[in-house]
Peer 1: 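One structure is given below, represented as structure tokens, and several questions about it will come after.
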Amino acid sequence: MARNSEEAKDAILKAFAWVGMACDGDVVYQSKRFDLYKKYIDQLLEEGKAYKCYMSKEELAALREEQMAKKERTRYDGRYRNFTGTVPQGVDPVIRIKAPQEGMITFEDGVKGTINIAATEVDDFVIARADGAPTYNFVVAIDDALMGLTDVIRGDDHLYNTPKQIVVYKALGFNLPNFNHVAMINNEQGKKLSKRDGATDVMDYKTMGYLPEALLNFLVRLGWSHGDQEIFSIEEMIALFEPKNINKSSSNYNLDKLLWLNAHYIKNTPNDELAILLKGYGVDIHGHDKLELLLDATKERGKTLVELADQINLILATPSAYDEKSSKKAFKGEAKTILADFAVMLQNWEGTLHLPCDYHAVMDKLVETKEIGFGKIGMPLRVSLLGSMTGSGLDEIMAILGVDETVLRIEKAIATIA
RNA sequence: GGCCCCAUCGUCUAGCGGUUAGGAUCCAUGGUUUUCAUCCAUGUUACAGGAGUUCAAGUCUCCUUGGGGUCACCA
């Protein structure tokens, strides 16, 4: 943990900042509070609530094996709990806490309801290692209590740590916080999420082109709902979210829905904000005079910022090649002459062409005078401008490019037609 | 294996004893569009199984089955 701890801290804080979570107070390092934990350990020792255990690791392993052979639950047998004999030489003792030996450890979980765990399920667990370093369940309880934590919300996998931590809270006389254990999120196959499932770091979602609002909205609806509402602003989440109506069962990660939400949030993000975000994806259109037009023409088409960036680049860059299938279909028959005529018309009308509708009027005129279908000009023009048969509206693209670039692309395309 | 938790469309979910079991996503079809996408409309698909309790059970109880979690001198 000492290794790269600064780096790790920064990464966590950065992720918090990205999703818009604020944190107060300074970062507290457990490794720098050993004296404090030591004080509590000594206190428990003195009060007889904890004791030294001289069992060696080998002995412990042997005990465990024996229990496993008998198909019993593996647990420490408490042999040093009330030890009065002479202590073994050459063994640095660990400190174990005295957990209740009978009855139930009961707590009210905010999402799961009442949880009853037999005291026999919790053994006298180690609170300080042989080298004196305190253990997780011990320090967590102390930190939480000292920081005045009122609500613990954590993953399901910590449910079994709770009775242990309660033992610590009680031994030290601290007030119990509210515990809430949220079920796990599984991958799309319903299995435990692992590194192979893609993102392991919150910031991976940023690099994949997701908006933090979309991620948050996606996550909040996993295991939680508010009637039929699907879209939640951060303010709404804060106002409406209650741990008690989180589902008890685990849910599956669903990429389609995340993508759908992300597309929704992209469509609803103002263009100037999108332009700033896009800088992180290799597209700098900040000073572009057709910025609004460019984003209006593309934002409906990109499910992620990465896709949106691709869409923009597709329009901005002169196609270096034409999709084979598309060109075969589009560049046939009279396509060549139609394109040439269209280019001439554009040049003739150049001074009057500004808005998408102006360009549309030229297309209308061409279709009318040549008595052809819209597709006759639409298809070849599209392939000329974008290199493929799909993409944004032609009139918008031309308005963004301007007459010169449009004509250039048309001429380039004509040159490839046999 | 012991202990704990869970179980409604493929997926996310609504439902809190009486509903034609609702919404979203996905998929399919149709419409809009010069293309794709968007958008709109329509459609397919679910109460894991079995016993009870009750006039009435997706909803309550029990069992079975199936999932998940956890059993460290890790965090």
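Atoms considered below: every heavy atom in the structure, side chains included; atoms not considered: hydrogens, waters and symmetry mates. Naming: A, B, ... by sequence-line order, numbering from 1 per chain. The structure presented is a predicted model; accordingly, all values stated were derived computationally and were not measured.
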Peer 1: Take atom P in B:A48 and the same atom in B:C9, then report the distance between them in whole Å.
Peer 2: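 Going atom to atom, P in each nucleotide, I get 7 Å.
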
Peer 1: Which value, rounded to the nearest 0.5 Å, describes the distance between A:Phe107 atom CZ and A:Gln165 atom CD?
Peer 2: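 Nearest 0.5 Å value for the CZ-CD distance: 9.5 Å.
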
Peer 1: Under a 3.5 Å cut-off for both distances, is B:G58 Watson-Crick or wobble paired, and to whom?
Peer 2: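 For B:G58, the partner nucleotide comes out as none, under the 3.5 Å rule.
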
Peer 1: Measuring to OP1 and OP2 of B:C12, would you say a side-chain N or O of A:Asn254 lies under 4.0 angstrom away?
Peer 2: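 Result: no.
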
Peer 1: Does B:G68 have OP1 or OP2 sitting under 4.0 Å from an N or O in the side chain of A:Lys191?
Peer 2: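 Looking at the OP1 and OP2 atoms of B:G68, one of them is under 4.0 Å from a side-chain N or O of A:Lys191.
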
Peer 1: Quick one: A:Leu394 CG to B:A37 P, roughly how many Å, whole number?
Peer 2: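 Taking atom P of B:A37 as the reference, CG of A:Leu394 is at 15 Å.
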
Peer 1: Which nucleotide wins on minimum distance to the side chain of A:Lys248, given the candidates B:G69, B:C73, B:C6?
Peer 2: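 Closest nucleotide among those given: B:C6.
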
Peer 1: Please report the distance, rounded to the nearest Å, between CG in A:Asn116 and P in B:C5.
Peer 2: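 Rounded to the whole Å, the gap is 8 Å.
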
Peer 1: Using the C1' atom as the point on both nucleotides, what is the distance between B:G52 and B:G10, in whole Å?
Peer 2: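 That atom pair is separated by 33 Å.
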
Peer 1: Quantified in whole Å, what is the C1' atom distance between nucleotide B:A41 and nucleotide B:G15?
Peer 2: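 So the two C1' atoms sit 27 Å from each other.
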
Peer 1: In whole angstroms, how far is the C1' atom of B:U38 from the CD atom of A:Gln311?
Peer 2: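 Rounded to whole Å, this separation is 12 Å.
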
Peer 1: Think A:Ser225 has a side-chain N or O under 4.0 angstrom from the OP1 or OP2 of B:A14?
Peer 2: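 So the side chain of A:Ser225 is within the cut-off, an N or O lying under 4.0 Å from OP1 or OP2 of B:A14.
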
Peer 1: Of all the choices, B:A75, B:U25, B:C73, which nucleotide is nearest to the side chain of A:Val94 once you look at every atom?
Peer 2: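 Of all the options, the side chain of A:Val94 is nearest to B:C73.
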
Peer 1: Tell me which nucleotide, if any, is Watson-Crick or G-U wobble paired with B:A48 when both distances must be under 3.5 Å.
Peer 2: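 Matched B:A48 with B:U64 under the 3.5 Å cut-off.
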
Peer 1: Looking only at side-chain atoms of A:Val126, point me to the closest of B:A75, B:C26, B:C73.
Peer 2: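 That would be B:C73.
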
Peer 1: Only pairs with both distances under 3.5 Å count, Watson-Crick or wobble alike; so what is the partner of B:A75 in this structure?
Peer 2: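 WC or wobble partner does not exist here.
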
Peer 1: Are A:Lys191 and A:Asp197 within salt-bridge range, i.e. N to O under 4.0 Å?
Peer 2: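 No salt bridge links A:Lys191 with A:Asp197.
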
Peer 1: If you measure from the P atom in B:G58 to the same atom in B:A46, how many Å do you get, rounded?
Peer 2: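 Between the two P atoms, the distance is 15 Å.
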
Peer 1: What about A:Arg73, does its side chain sit under 3.5 Å from the base of B:C3 through a donor-acceptor pair?
Peer 2: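 Answer no: no donor N or O sits under 3.5 Å from an acceptor.
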
Peer 1: Consider the side chain of A:Glu300, meaning its heavy atoms from C-beta on, and name the nucleotide among B:U38, B:C3, B:U35 that approaches it most closely.
Peer 2: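 So the side chain of A:Glu300 is nearest to B:U38.
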
Peer 1: So, OP1 or OP2 of B:U70: does either fall under 4.0 Å of a side-chain N or O from A:Lys164?
Peer 2: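 Answer is no, no contact under 4.0 Å.
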
Peer 1: Side-chain N or O of A:Arg75 less than 4.0 angstrom from OP1 or OP2 on B:C71?
Peer 2: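 Looking at the OP1 and OP2 atoms of B:C71, neither is under 4.0 Å from any side-chain N or O of A:Arg75.
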
Peer 1: Would you say B:C3 has OP1 or OP2 under 4.0 Å from some side-chain N or O of A:Thr120?
Peer 2: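 Answer no for this pair, as no side-chain N or O of A:Thr120 is under 4.0 Å from OP1 or OP2.
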
Peer 1: Report yes or no: do A:Thr162 and A:Arg154 form a side-chain donor-acceptor pair below 3.5 Å?
Peer 2: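 Yes, side-chain donor-acceptor contact under 3.5 Å.
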
Peer 1: Whom does B:A41 pair with, Watson-Crick or G-U wobble, provided both distances fall under 3.5 Å?
Peer 2: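 Base partner found: B:U29.
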
Peer 1: In plain terms, say whether A:Arg301 and A:Glu307 are close enough for a salt bridge, that is, a side-chain N and a carboxylate O under 4.0 Å apart.
Peer 2: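 Salt bridge between A:Arg301 and A:Glu307, a charged N being under 4.0 Å from a carboxylate O: no.
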
Peer 1: Mind telling me whether A:Phe331 and A:Tyr322 have parallel, tilted or perpendicular rings, with 30° and 60° as the class edges?
Peer 2: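 A:Tyr322 and A:Phe331: perpendicular rings.
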
Peer 1: In whole Å, I'd like the distance from the CE atom of A:Met379 to the P atom of B:U33.
Peer 2: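 To the nearest whole Å, that distance equals 17 Å.
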
Peer 1: Determine the Euclidean distance between corresponding C1' atoms of B:C55 and B:U29; express it in Å to zero decimal places.
Peer 2: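 It works out to 44 Å between them.
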
Peer 1: For A:Arg75 and A:Val122, work out which heavy atoms get closest and say how close.
Peer 2: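 Heavy atoms only, the tightest pair is NH2-O, 3.5 Å.
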
Peer 1: With C1' as the reference atom in both, quote the distance from B:G66 to B:G30 in angstrom, rounded to an integer.
Peer 2: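 So the two C1' atoms sit 41 Å from each other.
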
Peer 1: What's the gap between B:C62 and B:C6 when it is taken at their P atoms, as a whole Å value?
Peer 2: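 To the nearest whole Å, 12 Å.
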
Peer 1: Between A:Asn252 (CG) and B:C9 (P), how many Å, whole number?
Peer 2: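 Distance, rounded to whole Å: 11 Å.
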
Peer 1: Between A:Arg64 and B:C73, does any side-chain N or O lie under 4.0 Å from OP1 or OP2?
Peer 2: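 Result: yes.
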
Peer 1: Applying a 3.5 Å limit to both distances, which nucleotide forms a Watson-Crick or G-U wobble pair with B:C36?
Peer 2: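 The answer is none; no pair meets the criterion.
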
Peer 1: Side chain of A:Trp260 only, heavy atoms from C-beta on: which candidate in B:U35, B:C12, B:C26 is closest?
Peer 2: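 Nucleotide nearest to A:Trp260's side chain: B:C26.
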
Peer 1: If we take the C1' atom in both B:U11 and B:G67, what is their distance in whole Å?
Peer 2: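 My reading of the C1' atoms in B:U11 and B:G67 gives 16 Å.
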
Peer 1: Grab the CD1-P distance between A:Ile115 and B:G69 for me, whole Å please.
Peer 2: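 Taking atom P of B:G69 as the reference, CD1 of A:Ile115 is at 16 Å.
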
Peer 1: Would the base of B:A24 count as contacting A:Lys257 through its side chain, where contact means a donor and an acceptor less than 3.5 Å apart?
Peer 2: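 Side chain to base: pair present.
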
Peer 1: Do the ring planes of A:Phe218 and A:Tyr253 sit parallel (below 30°), tilted (30 to 60°) or perpendicular (above 60°)?
Peer 2: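 Perpendicular, since the angle between the ring planes exceeds 60°.
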
Peer 1: Between A:Trp224 and A:Phe241, how do the two ring planes meet: parallel, tilted or perpendicular, split at 30° and 60°?
Peer 2: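 Tilted.
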
Peer 1: Answer with yes or no whether A:Arg301 presents, from its side chain, a donor or acceptor under 3.5 Å of a partner atom in the base of B:U38.
Peer 2: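 Such a pair does not exist between side chain and base.
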
Peer 1: Considering every strand shown, what is the Watson-Crick or G-U wobble mate of B:C3 when both distances are under 3.5 Å?
Peer 2: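 Checking every strand shown, B:C3 finds its partner in B:G69, with both distances under 3.5 Å.
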
Peer 1: If you go through the side-chain atoms of A:Glu230, does one of them form a donor-acceptor pair with the base of B:G23 closer than 3.5 Å?
Peer 2: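 Indeed there is one.
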
Peer 1: Any donor-acceptor pair under 3.5 Å between the side chain of A:Asp157 and the base of B:G69?
Peer 2: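 Check fails, no donor-acceptor contact within cut-off.
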
